[in-house]
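Encoded as structure tokens, the structure appears first; notes follow it.
Everything numeric in this text was worked out from a predicted model, so none of it was measured. For this chain, numbers begin at 1 and follow the sequence in order. For ligands, and for the atoms within them, numbers begin at 1 and follow the listed sequence.
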Amino acid sequence: MPIIKGAPVAEAISADTLKRAETLKADGIEPCLAIIRVGEDGSQLAYERGAVKRMDKCGIKCRICALDENISQADFVNEFKKINDDESVHGILLLQPLPKTLSIEPLKDIINPLKDVDAISPMNMYKILANDKTGHAPCTAEGVIEILDWMGMDLKGKKCKVIGRSMIVGKPLGLLLLSKDATVTYCHSKTRELAKETRDADVLIAAAGSAKLVGADFVNENMTVIDVGVNVDENGKLCGDVDFEAVEPLVANITPVPGGTGAVTTSVLAKHVVKAAELLRK
Ligand code: NAP
């Protein structure tokens, strides 16, 4: 059944973002993303490299703010404030999780919502609730919508079931689907008979962080399955929340892991930085 890869979606978003970045540059504004990293976590460094590459492709400058993992909470907040106040920075990405000694909580209220390109602030969460397009949604959640849009899917009245209700993926994604007139169901760890619950969906999105949770009994032949999960299987191989081998022959469309939703996230990030630069100019 059609396998929907993320790369062409990412390329389409990036091409449009590059044009907008060039328009800004012609007006003397160089869009800039600051990436804040505390420590040297391997997966954060890998994500950072991907983001830097993508920003470069989209004509966006990147500034890496690498902080020592032993930084105090007070110094961390001060460094964050400096970046937030810097007029040459249009977007801020804070890599997570933070070391256990640090709290993200005060930053949620400090960050300029326009620069909050991965939606940690309450203002951006509110704007998703209110369907106010001047806000930013978390990049991964918006990336799922980009994939469905790219497929040309009209979500009006469609049964969309989201497995996962985190603040960064599941919850905002459900709201974005709702704003497209889908009928949305959230499933989570307390959902009874999960397979039975998802089986009649038109679109099933798995964002649970549980390797191969979605099996053959979760799906139907007309279903589009979007896999957001990033896990490691019993053989140490990267895998999603969907048992791809079992599910792929049984559904209408499916995204793979790797090479699916993950590939789209940094393009959405770039799009948000350019949007932020446009909004900050006004
Ligand atoms: P999370 O904060 O751990 O949330 C997981 C959600 O899935 C929770 O709502 C949990 O339910 C639910 N869940 C977990 N196991 C389940 C099960 N067996 N059955 C039904 N529901 C279950 O994870 P996350 O940050 O949203 O990320 C989800 C996945 O997406 C992960 O694999 C992650 O690597 C991947 N991902 C995350 C990001 C990101 O920016 N965070 C980006 C890209 C990909 P409860 O609420 O009841 O506990």
**OP:** Evaluate the side-chain proximity of P31 to M55: yes if any heavy-atom separation is below 4.5 Å, no if none is.
**Re:** no
Only distances under 3.5 Å count here; give the side-chain donor-acceptor pairs of residues 169-181 to other protein atoms, sequence neighbours excluded, each with its distance to 0.1 Å.
residue	atom	partner	partner atom	Å
S179	OG	L176	O	2.7
K180	NZ	D149	OD1	3.2

Original post:
Does the side chain of E48 come within less than 4.5 Å of R37's, by heavy atoms?
Top reply: yes
Original post:
Near ligand 1, which protein residues have a heavy atom under 4.0 Å away?
Top reply: T140, I163, G164, R165, S166, I168, V169, H188, S189, L194, A207, A208, G209, L213, V228, G229, V230, N231
**OP:** Rounded to the nearest 0.5 Å, what's the gap from OG on S43 to OH on Y47? Could you check?
**Re:** 11.5 Å
Original post:
Got more than 12 heavy atoms from elsewhere within 6.0 Å of CD, E234?
Top reply: yes
Subject >> Approximate separation, where rounding is to 0.5 Å, of L18 CG and I60 CD1 >> reply: 9.0 Å
